[in-house]
Amino acid sequence: MLRDTYIGLVDDSFIGKHVKLAGWIDSIRDHGGVLFIDLRDKEGKLQAVLEESENKELYDIAKHFKEESVVLVEGLVRRRPSGTENPKIKSGNVELLIERIELLNASETLPFPIDDNIDISEELRLKYRYLDLRRPKFQKAIKTRSKALKITRDFFEENGFYEIETPFLIKSTPEGARDFLVPSRLHPGKFYALPQSPQLFKQILMVSGFDRYFQIARCFRDEDLRSDRQPEFTQIDFEMSFVEESDIMEISEKLLSKLFLELLGIELNIPFKKITYKEAMERYGSDKPDTRFGLELVDLTDIFKNTNFNVFKSALEQKGIIKAIKINKILSRKEIDNLTEYVKGLGAKGLAWGKVENGEFNSPIAKFLADQEVKAMLSRLDAKDNEMIFFSADKPKNVYKILGNLRLQLGKMLNLVDESKFEFLWVVDFPMFEYNEEEGRLEAMHHPFTSPKTEDLDKIRYIIDKENKEDIINIGENIGARAYDIVLNGVEIGGGSIRIHNKDVQKLVFKILNISDEEANMKFGFLLEALKYGAPPHGGLAFGFDRLMAMMLGFDSIRDVIAFPKTQKGTCLLTGAPDIVSDKQLKELHIKIT
RNA sequence: GGAGCAGUAGUUCAGCCGGCCUAGAACGCCGGCCUGUCACGUCGGAGGUCGCGGGUUCGAAUCCCGUCUGCUCCGCCA
């Protein structure tokens, strides 16, 4: 080794010892006669001193060293002269008296400083990712992420799970996200897909009898990016045989408890609260509600069922609903305008609002409302003076989207969110299917391998060959799924289900999804086949590991917990991927670019 | 595919409602001074095709159109 120990590990116990250290120059202070060089490595920092009177030759060289250069330093660790200790750093009582300093690799002036407290544009950060990652908070993030993986592996190991790797080059399947495709050289015109998740393989491992499986799995989805979505991301994926929902929830809660305790020293209250999908939508307008604050949605549909106000009336005529959110503050005209712009961006036509002042309901829409409607509404909302109400009247889906997002926006604006809290929530009783208006068919809300609620199997059989759209929607969307999501502070950090282990049920579900027998056999034949040979009841869950880490470390974007993330356009600014390839490569792959 | 925000010294920003802008500040950088600093101090200096292209105008960083890049959101994400 070039060094005796880590720079950041030198402390009082090293006093009087002669050490050899290697690392980066964090900063240099030239005092004319005495030179301070702060050294840094992954464990921390240490001040090194060089006095001109001791070694003039070395002093004259070293004072021109630049920050972030890599050096090898030898010297004596000594107690700092009294009065010059620095309590702000771990090694603040000691310093290294430099006897020898060798420049291993000089650094050019950096494009940006290595400092936690400075905001650098994302573009520069990603281009110079290796420098960005030198910043202490990202050193910590990557270290914590590594520890989390270790804790996770230990946890599953202790609980009888096998870590089993599943392939990256797999068959493309319909449904779900867009696949990343990989051309096959050996099979002209054919493609592999990268897995969106190890879903089918883990089910098949249950058929193999492994009973408990887990994997820290990289997943790939060719969809547009968001602050919490990258084209490749990591899941903590697991599956268990002979289980029910409660078993999966229990093991999930235990894992999270362990991670929070060991990484953050926080004890979680388990079991977590549960809320049904229906209740979540009705109260929060979201299937991943942030329950750290109130501002719940209040239903006013019945109050306005005979209203003459055209906006409400026409919404109701189209099977719409009317809901409202109340806040205990009167916003300025400008703030209201901003919120109106915000909801318009979500597809709202406008934003109806009103305020209560001196017992009066003042609102641009007040004159359209009947007295008893106003009275009933205010009483249901328990609206008092200096409170404000926002309305949405539309199809349920739109009302939830608009008020659900408005609620989050208002929560932020009014500072109602306690950022120090971690509120976990299970969302249960998801519908099995959702009607897709464009394609005119039902779609799996979770995925097509999710088991329907046993008591709803008859409904599936009933609508299987119905043509009537109303039936399909009304009954189809009321079939329950044995699916569950786990939500933390309004972010979906995991989801799973009890799967179908019976081939006939699986065939029925494919049928409802308009996947013909032929197509089902072609795309999922191997699964249907596997289900024939003693497939045990099974279920599982997958955590979005990047999201979980971002939440635990207090980052807004998962990019900050991924060493080499992609931009919103899916490019890697460090390496320049994706890029063109040679004609030779294309030819070998039998691919022509149009 | 759509909406919004941003792009000005190496960095972070100000300037932007047309004219002392011959574009400023801070940090960084370069040089000098300084023996105890740790956001060192101090004196001096260099550094910019205002993302790119076009238009309006006597005159554009500033107004208009297009375009590229980054970010946030909608659609999409079983």
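Proteins get letters first, then strands, A, B, ... in listed order; numbering begins at 1 in each.
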**Request:** Would you mind telling me which residue lines up with the more 5' stretch of RNA chain B, Ile28(A) or Gly347(A), judged by nearest nucleotide?
**Result:**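 The 5'-side residue here is Ile28(A).
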**Message:** Nearest heavy atom decides the nucleotide; on that basis, is Met445(A) or Arg559(A) closer to the 5' end of RNA chain B?
**Reply:** Arg559(A)
**Prompt:** If you take atom types as modelled and just measure distance, does the side chain of Glu95(A) reach the base of rG36(B) with a donor-acceptor pair under 3.5 Å?
**Reply:** yes
**Request:** Check if the side chain of Arg80(A) and the base of rU37(B) share a donor-acceptor pair of N or O atoms closer than 3.5 Å.
**Result:**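 Answer yes: a donor N or O sits under 3.5 Å from an acceptor.
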**Message:** Check this for me: does any side-chain nitrogen of one of Lys63(A) and Glu52(A) sit under 4.0 Å from a carboxylate oxygen of the other?
**Reply:**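 No.
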**Message:** Testing the basics here: between Ala535(A) and Ala530(A), what is the closest heavy-atom pair and its distance to 0.1 Å?
**Reply:** CB-O, 4.3 Å
**Request:** For Asp30(A), answer base if it contacts any base atom (sugar-phosphate contacts may also be present), sugar-phosphate if it contacts only those atoms, and nothing otherwise; contact means non-hydrogen atoms under 4.0 Å.
**Result:**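 If one applies the 4.0 Å heavy-atom cut-off, Asp30(A) turns out to touch a base.
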**Message:** Students often get this wrong, so: under 4.0 angstrom with heavy atoms, is Ser197(A) touching a base, only sugar-phosphate, or nothing?
**Reply:**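 It contacts base atoms.
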To the nearest Å, give me how far apart [atom1] ([X]) and [atom2] ([N]) are.
| X | N | atom1 | atom2 | result |
| --- | --- | --- | --- | --- |
| Leu50(A) | rU37(B) | CG | P | 18 Å |
| Phe555(A) | rC71(B) | CZ | C1' | 17 Å |
| Ile37(A) | rC38(B) | CD1 | P | 17 Å |

**Item:** Opposite nucleotide pairing with rA25(B), Watson-Crick or G-U, both atom distances under 3.5 Å
**Value:**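 Matched rA25(B) with rU12(B) under the 3.5 Å cut-off.
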At less than 4.0 Å, is any side-chain N or O atom of [X] found next to OP1 or OP2 of [N]? Yes or no.
| X | N | result |
| --- | --- | --- |
| Thr109(A) | rC29(B) | no |
| Arg226(A) | rC74(B) | yes |
| Thr571(A) | rG70(B) | yes |

**Item:** Cation-pi geometry met for Lys42(A) and Tyr6(A) (6.0 Å, 45°)
**Value:** yes
**Message:** Whether Arg559(A) engages the ring of Phe564(A) as a cation-pi pair (distance to the six-membered ring centre under 6.0 angstrom, angle to the ring normal within 45°) should be assessed.
**Reply:** no
**Item:** Face-to-face contact Phe112(A) to rU11(B) six-ring, under 5.5 Å, under 30°
**Value:**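 No, Phe112(A) does not stack on the base of rU11(B), since the centre distance and plane angle fail the 5.5 Å and 30° test.
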